There are 2 protein chains.
Amino acid sequence: MAADPLSRVFSALADPTRRDMVARLAASDATVNELAEPYDVTVQAVSKHLKVLEDAGLVSRTREAQRRPVHLEANVFDLMTKWIERYRRQAEERYRRLDDLLRTMPDELLPTRPTATAPETEPETEPEIGEPR
Amino acid sequence: MAADPLSRVFSALADPTRRDMVARLAASDATVNELAEPYDVTVQAVSKHLKVLEDAGLVSRTREAQRRPVHLEANVFDLMTKWIERYRRQAEERYRRLDDLLRTMPDELLPTRPTATAPETEPETEPEIGEPR
DNA sequence: ATTGTAATCAACCAATTGGTTGACAAGAGG
DNA sequence: CCTCTTGTCAACCAATTGGTTGATTACAAT
């Protein structure tokens with residue numbers, strides 16, 4: 001159960017049952033049994049799912065008598081949206097630049113894609129990347 | 001390799017190597033060998049990673065001579081952001097309502113959390129949830 | 001003290017995952 | 001025609017995952 005935080009969050013939400021639990025927890029806190037009720041799996045399986053969500057920081061459990069109400073920690077969503085928006089924006093910026101280039105270029109100069117990386121469209125800036133492995 | 005589209009996208013991004021590839025593809029298209037270069041795994045492993053990204057719709061390959069340049073399809077990000085934003089907003093809305101309630105409630109009426117689901121803070125609307133499984 | 005309820009722990013199992021090596025297909029260029 | 005480059009396919013392997021059953025912990029209530 002190693003892995004960086006971002007991987008844990010993405011991985012936790014890669015399961016439909018877990019996503020459904022998150023969706024329901026967005027409406028209100030719930031106990032493990034309440035959460036387990038709609039699914040046709042054992043309570044133990046749901047408990048395991050909750051452990052995954054908890055390890056990802058998406059959920060917290062505050063013990064209260066013998067019940068352990070589960071609470072959604074929605075702020076962790078920011079981790080993902082930040083990552084996604086960063087590269088989405090970068091890709092869009094890239095399209096915009098390519099569009100500009102094609103629009104201002106005389107038709108007879110349009111290249112027939114000599115290689116995959118057209119030097120003009122890729123200024124080779126930003127040597128740093130997201131996560132170096 | 002079944003699973004719904006959303007699960008595939010989340011799952012594809014749950015791997016650091018795959019996320020790094022997406023990050024680099026946001027800057028420019030690249031061939032499989034170019035992509036494989038920074039990582040100390042075989043080209044075959046990278047090819048497998050690309051298959052996962054392709055199945056998730058995050059990436060497309062257009063064959064071009066014997067090279068197959070890989071291209072990022074950034075629009076698929078919307079699938080995730082839509083899902084995330086929906087429940088993030090719902091959770092925030094819930095906090096807002098709870099804050100309002102506590103602020104307008106006379107101090108001596110504050111309950112000692114009799115059960116996890118306080119009826120006043122959870123109007124029981126919206127019986128439909130994300131994905132019923 | 002006994003019983004019941006809520007939840008977790010432990011061991012096991014089948015399927016999936018991320019990696020490997022080795023063989024192969026498809027072009028490009030001599 | 002041969003060879004090199006680029007990439008995939010196939011079979012295998014260890015580790016992880018999502019599920020099960022059975023036992024156990026921790027309270028509450030009778």
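Chain naming here is simple, since letters A, B, ... match the order of the sequence lines and numbering starts at 1 in each. The basis for the numbers below is simple: all heavy atoms, side chains too, and nothing from hydrogens, waters or symmetry mates. Predicted model, so just to flag it, every value in this text is computed and none were measured.
- Put simply, A:T31 has no side-chain N or O that comes within less than 4.0 Å of OP1 or OP2 on C:dA6.
- For B:H49, taking side-chain heavy atoms from C-beta onward, the closest of the listed nucleotides D:dT20, C:dG19, D:dG18 is C:dG19.
- The pair B:E92-B:R89 does not count as a salt bridge, with every side-chain nitrogen at least 4.0 angstrom from each carboxylate oxygen.
- Between the side chain of A:R18 and the backbone N or O of A:L53 there is no donor-acceptor pair closer than 3.5 Å.
- Taking for each of B:V43 and A:R18 the nucleotide of DNA chain D with the nearest heavy atom, the 5'-most of the two is the partner of B:V43.
- For B:Q44, the listed nucleotide lying nearest its side chain is C:dT20; candidates were D:dG7, C:dT8, C:dT20.
- In the set D:dT8, C:dG19, D:dG18, D:dG18 carries the atom at the smallest distance from any side-chain atom of A:K48.
- Closest to the B:N33 side chain, of the nucleotides C:dT20, D:dG7, C:dA7, is D:dG7.
- Here the nucleotide nearest the side chain of A:D15, chosen from D:dG18, D:dT20, C:dT21, is D:dG18.
- Under the 3.5 Å distance criterion, the side-chain polar atoms of A:R19 are matched with a main-chain donor or acceptor of A:L13.
- Contact annotation: B:S47 side-chain N/O to D:dG7 OP1/OP2 distance is not under 4.0 Å.
- Taking 4.0 Å as the cut-off between side-chain N and carboxylate O, A:R88 and A:E85 count as a salt-bridged pair.
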